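The structure appears below as structure tokens.
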Amino acid sequence: MFDTGFFRMRLNRPLLLAIAPLLFLMAWAGAISPINAAENVEHVVTTAVIGSWPVDLHPLTSDELGHVTVKRFLNRPVLEQGSSGPVCLYCVSVPTEVDGSLRFKPAADGKVETVARYVIRPNARWADGVAITTADIALTWKIINHAGQALAALDSRSTDIKDVRIVDVRTFEVVYSGMLCATRLTVPPIVPSHLEGAIWEADPKSYFEHSLYRTKPETPGLYSGPFRLSRMSGKALRLVRNAYWAGRSPAFDGVIVTVAANKSDLESLVRGRKIDTFTTLEFDVGRRLAQDMADKYTAFYTPSDFLVHLRPNFDNPILSDLRVRKALMYGLDREALVAALLDNKGTVAQSLLSPFMPGYAVVDRYTYNPQKASGLLDEAGWIKGKDGHRHNSAGKPLKFEIRYRRTQPWIDLAPQLAKAWNSLGAQVDLVEDPSLTGEAVDSRQRYPGLVGFSEWLLGGVEVARYWYHSGMIPTADNGWQGSNYFGIKVPAFDAAMDRLLTAGCAVERRREALVDLQKAYAEGLPALPLWFGTVITLSDHRLEGTVNPRTFSAAPVEDWRLRP
């Protein structure tokens, strides 16, 4: 969650964050005051998201992060991957090899598959009191598998799901492709069969149009999280406690969510002192508000898992040359960039993982060394002329573009990159592209040079395979599988990703595979890593529990409370 833009959250495929305006800035407004007494609500917290209206509350649709955030109040997954490992919310326990609920076996195609058995908690209920059962799991799997449906609300781990099997009313199994450890398991979001089943059976093709999530979203039984929807009108959602929520009870009785049209409108709410605590995904916004409103807020700076980087088009012979990519890295003073653009709050990136992520290994590469950069370019045949520009023996200039959206950090970062590489003799064209996306099969034709991205390894480092493995370049031969739209081919990195898939769940073997992976990334440079950024949470002095005391990252609403 970071300060690049274009946050396109397609959770049923590897998450790719292209540079573009961030569509989301989370804010929790501080009404903390009585509302409708008939709903038995004493204190509320008002929150705001940026997104379209009306909010799509169906668990299986909508890729807008603002909508996804709202749904976190209303529904939770059966199994959730937390910062310290998997957590069962509606299941009895996390599947494990110890008790046989997690097992690996040969698949029909000769590969390995993982089978995880889950048992639903007996006290798991929808907000109308109806028990959550495997009938809900079965309906969800039917909807997901319906031909022609492109669902958006599943995370990247769901691409590994091959099948769902119902055992009894509370027990089901999920079959996954490959050998998956507990930290990579997932269960699709569930849909209440007692409310949605008949609608689905009546007309599967138009199910989503007729779903109660769209036609009668205030129906209590649609929700299973700490809150349920009471009313949705006037670009605001009023949420009240779910009496049947079996998890930790929130300190606040209600939440009011306002849907803002853009970040300027949301910032006006903050400056109007109507917000209690909020988390910014754009560093410049958080920094500005933290400085201007220090009398109201305490600022918490959290190391982000979002890697700001440049992805090269490997069809470009200049950028497919590893010597050139290494020269570009040595030609950047990334420490100075982090100091200037992030107030020294970011972390220079050497590979896919930051020092704050599980499995991180020290990979010391590419400290600022313009002399070494020049030597590599000479070696690659790019000779600097009297005009300061480099050309090869055929007279072709060392020239490429950086394409980005006009958002932070790129509006400030891109000119700095061009300046550094111009000093090496490269000619760099800066291209602002409002329609930029990283999910187009024709990316290699549309984007001939470097493209700025930020990415988050949602679902584990294994999802990097979809973006970087040469076997994931979409072609007719592989059924257009994968998201390696830039034609990246780094054989040693391919091999390291393959080893990680076969490392299994043994701690030492997996640790060794992760070390190899990070070294192969740093050496082969399938992308040019710049930094891991910083998320800023500003919290009203009256509140506590809004951030994790260990990491300072935003905490779930169940943790928030007024100071005594």
Side-chain angles (χ1 to χ4, degrees), residues 2-8 16-22 282-284 306-321 324-342 346 348-349 366 368 370 373-374 377 382 384-385 387-392 396-440 442-455 485-488 525 527-531 533:
F2 184 60
D3 49 280
T4 93
F6 192 65
F7 202 116
R8 185 170 179 81
L16 184 64
L17 307 175
I19 359 39
L22 254 178
E282 296 195 32
F283 186 84
D284 64 318
F306 283 84
L307 173 60
V308 176
H309 69 289
L310 292 151
R311 197 159 297 182
N313 186 328
F314 267 57
D315 282 358
N316 185 325
I318 295 174
L319 299 173
S320 63
D321 189 327
V324 173
R325 299 199 302 277
K326 287 186 173 183
L328 297 180
M329 290 298 295
Y330 281 118
L332 291 179
D333 189 345
R334 292 178 295 161
E335 295 282 359
L337 289 174
V338 168
L341 301 179
L342 297 182
V348 170
Y366 311 114
Y368 181 48
S374 293
L377 292 176
W382 298 102
K384 182 179 285 190
D387 61 357
H389 297 152
R390 290 182 181 267
H391 297 77
N392 62 13
K396 181 179 179 180
L398 177 60
K399 185 177 182 179
F400 53 86
E401 72 172 35
I402 300 175
R403 189 174 293 254
Y404 59 97
R405 286 208 174 192
R406 187 175 175 77
T407 57
Q408 290 293 342
W410 297 98
I411 54 176
D412 295 325
L413 174 58
Q416 294 295 323
L417 298 175
K419 181 180 178 181
W421 291 334
N422 286 340
S423 68
L424 294 177
Q427 300 176 55
V428 182
D429 293 331
L430 299 182
V431 181
E432 294 179 8
D433 186 346
S435 62
L436 180 63
T437 175
E439 298 186 344
D442 62 347
S443 290
R444 280 180 283 171
Q445 287 73 48
R446 295 167 65 183
Y447 314 136
L450 292 167
V451 180
F453 287 103
S454 179
E455 68 191 6
Y485 300 123
F486 287 78
I488 295 167
L525 292 177
L528 307 186
L530 299 178
W531 66 61

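Computed from a predicted structure; not experimentally measured. Along the sequence shown, residues are numbered consecutively beginning with 1.
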For [X] and [Y], which heavy atoms make the closest approach, and how far apart are they?
| X | Y | value |
| --- | --- | --- |
| P312 | A527 | CD-CA, 3.8 Å |
| L525 | F314 | O-CZ, 4.4 Å |
| H309 | L307 | ND1-O, 3.1 Å |
| P448 | N316 | O-ND2, 3.0 Å |
| G331 | A420 | O-CB, 3.6 Å |
| F283 | L342 | CZ-O, 3.2 Å |

Partners passing side chain to side chain contact (heavy atoms under 4.5 Å, CB included) against K384 (at least two apart in sequence or in another chain): R390

Counterpart residues, side chain to side chain contact (heavy atoms under 4.5 Å, CB included), relative to Q416 (two or more places apart): L337

Looking at side-chain heavy atoms only, is the closest gap between [X] and [Y] below 4.5 Å?
| X | Y | value |
| --- | --- | --- |
| W531 | L413 | yes |
| P434 | R406 | no |
| L328 | L319 | yes |
| L424 | S374 | yes |

Could you grab the distance from atom [atom1] of [X] to atom [atom2] of [Y], nearest 0.5 Å is fine?
| X | Y | atom1 | atom2 | result |
| --- | --- | --- | --- | --- |
| D429 | K399 | CG | NZ | 4.5 Å |
| E432 | Y404 | CD | OH | 4.0 Å |
| L398 | Q427 | CG | CD | 8.0 Å |
| L377 | N392 | CG | CG | 12.0 Å |
| L530 | M329 | CG | CE | 6.5 Å |
| F486 | L450 | CZ | CG | 9.5 Å |

Positive for side chain to side chain donor-acceptor pair (under 3.5 Å) with D433, one of R403, R405, R446: R403

Worked check of side chain to side chain contact (heavy atoms under 4.5 Å, CB included) between L332 and Y368: CA-CA 6 Å; L332 291 179; Y368 181 48; 5.7 Å; no

Suppose we screen for salt bridge (Lys or Arg N to Asp or Glu O under 4.0 Å). Which residues come up paired with [X], at least two apart in sequence or across chains?
| X | result |
| --- | --- |
| D321 | R323 |
| D412 | none |
| E335 | none |

Does N313 use its side chain to pair, donor to acceptor, with the backbone of R444 at less than 3.5 Å? yes

Residues at least two apart in sequence or cross-chain that pass ring pair (Phe, Tyr, Trp, His ring centres under 6.0 Å) with Y366, listed by chain then number, are Y330

Could you check V431 against Y447 for side chain to side chain contact (heavy atoms under 4.5 Å, CB included), going step by step and ending with a plain yes or no? CA-CA 10 Å; V431 181; Y447 314 136; over 6 Å; no

Do R311 and F453 form a cation-pi contact, if we require the NZ or CZ to be under 6.0 Å from the six-membered ring centre and within 45 degrees of the ring's axis? yes

